[in-house]
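One structure below.
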Amino acid sequence: MTAVRTATPPKLDGLPTEEVWLQAPPATDFIQNEPVNGAPSRQRTEVRLLYDDQAIYVGAILYDSSPDSVLTQLSQRDGGQVNADMFGVYLDTYLDKQNAFGFEVSTAGVQTDFRATSNGNDFSWNAVWESTVARHAQGWSVEFRIPYSALRFPKKDVQSWGINFWRSTRRYRESAFWNFIDSSIQGFANQFGVLQGVQGLEAPLRLSLMPYLSGYADHYPHGKADKKDLKTTVNGGMDIKYGLNDAFTLDMTLVPDFGQTQSDAQVLNLSPFEVRFNENRQFFTEGTELFNKAGLFYSRRIGATPLLYDDLPYDRNRYGEGPAQVQVVENPDKTSLLNATKISGRTNKGLGIGLFNAVTRNTYATLRSNRLEEEFKVLTDPATNYNVLVLDQTLPNSSYVTFTNTNVTRSAGFYNANVTGLMTRLSNKKNSYALNLSGNLSQRYNKGEIEEGTHKVELGHAYAASFGKTSGNFQFTVSHSVESHTYEINDLGYLENNNSLENAANVRYNLYKPFWKLNNMYNTLGVEHRMLYKPNRLAQLVYFLETNATTRNFLSFGYTLSWLPLNNYDYFEPRSYDANHAPNRRWRDPSGWEISGYISSDYRKRFALDINGGLYRSAEYDRLTRWVGLSPRLRVNDNLQLVYSVDLNQALRDFGFTGNGGQDSIFFGNRTVYTVSNTLTGTYIFNARTALNLNMRHYWSNATYKEHYLLLEDGNMAPLGYKPTSPWADDRNFNAFNVDLVYSWRFAPGSEVSVVWKNAIDYSLFPSRNDYFLNLRNTLQAKQLNSFSVKVLYYLDYQVLRKALKS
């Protein structure tokens, strides 16, 4: 389509019927990609686009043969598809066919915006733009005003942008695009149309300030005379966004406040691996898609638990040892973030550049020595600088090459870390075949005890390669990956375990158009062969078959069948390593099989239900694990929705590490593990700007050990007949309870008031009881943290301020 410049901006009332709109020819003839891939849309749509020196204007008339049937459920901003019709516009301003800005609005007037990238859609990205919606006898209509301050585009006299429009007609579960997005072709922005003739644009000065003021009242019953149960704090700070030029933006947070961030879903972790939690802090989720592309950046490392939190460093000869002689007065479980900065953008040559930097301050624990009758402080985490650099060059045919470097620099006396990675994707012109290559090098400096004048460097590496057919009904992938036993990225990344060598292959046959009683079907048959990198030994062989489908009445279902025909060997559960960090013991996990599946009913109905479950069986050890999850959801009306989820897991004759009596005495236990998780989520939407959200969760997990074994060198187990002396051998009973109640009001574009109440149980271990309701009662009677907070964030835009001052 050809862009049309206007001298008179349209009035935003949701009715694109003014004469100014007639200057632009309409975009019509939308094509479905769901439920019938390639069929014409059932309803007529007309979209027009105008632009001037300040903004892009989009007007759409969404005709409907039954206007009274248009669905209008309210949702939160960026809530995605709910039971409402929606319209969206997508702009690939650099025409690289990989990255785009997305702007959507529902019939209820709720906005959604995101960045579309080659790695998926980033809904944490937020922009300030305007939209209005109107209902009428012909259906409904919408008008957008997208200021250039919300976009980034190259500095050219005449520009061509990728563009597409989308319409969702919810009662049909229909998704339709102006330029057809074929479900059988991989990619999104590579299937856009082209907007030609955009000219004479100058990027405005993009400067916005978002100062905040917050107040907290936290109550926790310490039960100590020297500690107040009620603690009040007042905080203030600011986020800054500044356009360095037409392409690059500086984001900075000064004295950040993350106290209202959603609570983590704590679990009982019996595995040898770290639990990964989601990042909920907005600064670290918004606009970080470039930094996350290589999978080397895990922002939860910043402001995490201090390095020496569990091993407080102090002179035990002087102060004493053990809780009777040295008491912990205060030991912060999080480091304090001073500031964080992001610079990101993309040149008109397709080079994306990202620079991230964050600084945390020294963290100290306060201890008291009964021997000396004095308090003293010890450093548990030093002042640390975290840095990420990304260079991402787009190539023709949805290809790219990406360089990533992460660096962690700590104060003297602590080790530093550096990871460098290079990855590329090369595809053919039709984007039907793709080759992916990657290689990473990790370095740790002075890890461990440091002596003056000495330096120690620990190197590790990882690489991966895959090739496959990525489009069409028939697809396949073959892959090979390696992570050395010294590969380590966990200072600023997340890696569950290293020391692996994996080969995999799969074939897929997908049906994208309706047939029989199904709308679509996706089938995969594959094999995965895993080995230890050092020593080079078999770990696991898995064959699997997977199917996912949707029926014509929009019932979705799927299943996975897995077969492990050989003895599997777990080298990590024994937690025994040699001087080179390589596992020197293993546990033999006999062959077995697993089946899992799910069913999801039609979310258009007032009541919908999701069910999932599975079964794992290994005959030799008589191991059996079974699980089931139920999640009913009720849409009371267009304002109120309730979702309840319960997940039950029962592992019978589960085996795991319980302790050791030295390198050659590793103990395992046969345990029964029951886990129950209950979550209630409620959302009441007052209007498109105001909402009340409730998230309430109780988690209980109980591990009871039956027999104890000595792990033998060949991986088998010998019964002990007694309980070994080890804290790990004790039964576990873990309860966690959280309530997050959030009221939010967007009183102006980009500005918000949020009022939050949090209730968190002190995650204590109670005596082992297999009674769920007894555990719940004990949990609710335990010490609780209650936090009440109010935060006001105000958006100040330079262009708006300048215009106001001139008038």
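What you see is a predicted model; the values in this text were computed from it and never measured. What's counted below: heavy atoms across the whole structure, side chains too, no hydrogens, waters or symmetry copies. We're numbering straight along the sequence, starting at 1.
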Heavy-atom distance under 4.5 Å between the side chains of [X] and [Y], does that happen here?
X	Y	value
F144	W129	yes
V194	I163	no
F192	N179	no
L250	I240	no
N612	D647	yes
L532	K534	no
S438	N436	no
V507	Q475	no

Chi angles and distances behind the side-chain hydrogen bond (donor to acceptor under 3.5 Å, both in side chains) call for Y94, D92: CA-CA 6 Å; Y94 287 89; D92 174 10; over 6 Å; no
For [X] and [Y], take the angle between the two ring planes, folded into 0 to 90°, and tell me which bin it lands in: parallel under 30, tilted 30 to 60, perpendicular over 60.
X	Y	value
F284	F258	tilted
W166	Y90	tilted
F356	F283	tilted

Worked verdict on L422 versus V401 for side chain to side chain contact (heavy atoms under 4.5 Å, CB included): CA-CA 7 Å; L422 188 66; V401 58; 4.2 Å; yes
Salt bridge (Lys or Arg N to Asp or Glu O under 4.0 Å) contacts touching [range] (sequence neighbours left out):
range	answer
residues 270-283	E274-R301, E279-R281
residues 392-404	K293-D392, R346-D392
residues 499-508	E502-R530

Drop me the distance from [X]'s [atom1] to [Y]'s [atom2], to the nearest 0.5 angstrom.
X	Y	atom1	atom2	value
Y242	L209	OH	CG	12.0 Å
Y433	N428	OH	CG	8.0 Å
N278	T285	CG	OG1	11.0 Å
T681	N693	OG1	CG	9.0 Å
N385	N357	CG	CG	4.0 Å
N506	T477	CG	OG1	5.0 Å

Residues D381 and R410 bridged, charged N to O under 4.0 Å: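 Salt bridge: no.
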Salt bridge flag under 4.0 Å for residues D251 and K241: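 The answer is yes: the pair qualifies as a salt bridge.
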Looking only at non-hydrogen atoms, find the nearest pair between [X] and [Y] and report the distance.
X	Y	result
V478	A505	CG1-CB, 3.9 Å
G352	L290	C-CD2, 4.1 Å
D491	A417	OD2-CB, 3.3 Å
A203	F153	CA-CZ, 3.8 Å
K334	T363	O-CG2, 4.3 Å
V643	S631	CG1-OG, 3.7 Å

Partners passing side chain to side chain contact (heavy atoms under 4.5 Å, CB included) against [X] (at least two apart in sequence or in another chain):
X	result
F123	T112, F114, N121
Y603	R170, S600, A608, D610, R633
D122	R115, S124, W125, E289
Y463	H461, H480, V482

Full working for side-chain hydrogen bond (donor to acceptor under 3.5 Å, both in side chains) between S263 and D740: CA-CA 7 Å; S263 303; D740 289 56; 3.0 Å; yes
Verdict with supporting geometry, Y699 and R697, side chain to side chain contact (heavy atoms under 4.5 Å, CB included): CA-CA 6 Å; Y699 170 92; R697 174 180 181 264; 3.3 Å; yes
Please list, chain by chain and in numerical order, all residues satisfying ring pair (Phe, Tyr, Trp, His ring centres under 6.0 Å) with [X], sequence neighbours excluded.
X	result
F277	none
F544	none
Y487	none

More than 12 heavy atoms of other groups within 6.0 Å of K97 NZ: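 Not more than 12 within 6.0 Å, no.
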Other residues, nucleotides, ligands: >12 heavy atoms within 6.0 Å of Y794 OH: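 Result for OH/Y794: open.
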Intermediate values then yes/no, side chain to side chain contact (heavy atoms under 4.5 Å, CB included), L492 and I302: CA-CA 8 Å; L492 193 48; I302 302 168; 4.1 Å; yes
Distance-only donor-acceptor check, side chains T409 and N416, under 3.5 Å: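 No.
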Exercise: do T249 and R152 side chains pair donor with acceptor under 3.5 Å: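 Note: T249 and R152 side chains meet the donor-acceptor criterion.
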By salt bridge (Lys or Arg N to Asp or Glu O under 4.0 Å) - contacts of R77 (at least two apart):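 Only D113 meet the salt bridge (Lys or Arg N to Asp or Glu O under 4.0 Å) criterion with R77.
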All salt bridge (Lys or Arg N to Asp or Glu O under 4.0 Å) counterparts of E104, not counting sequence neighbours: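 Residues passing salt bridge (Lys or Arg N to Asp or Glu O under 4.0 Å) with E104: none at all.
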Intermediate values then yes/no, side chain to side chain contact (heavy atoms under 4.5 Å, CB included), Y309 and T380: CA-CA 6 Å; Y309 176 80; T380 59; 5.6 Å; no
Chi angles and distances behind the side-chain hydrogen bond (donor to acceptor under 3.5 Å, both in side chains) call for Q98, T394: CA-CA 8 Å; Q98 297 185 46; T394 59; 4.8 Å; no
Stepwise side-chain hydrogen bond (donor to acceptor under 3.5 Å, both in side chains) test for Y212 and N235: CA-CA 8 Å; Y212 80 87; N235 305 314; 5.5 Å; no
Pair F572 + F273: ring centers closer than 6.0 Å: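 Yes, they do, as the ring centres are separated by less than 6.0 Å.
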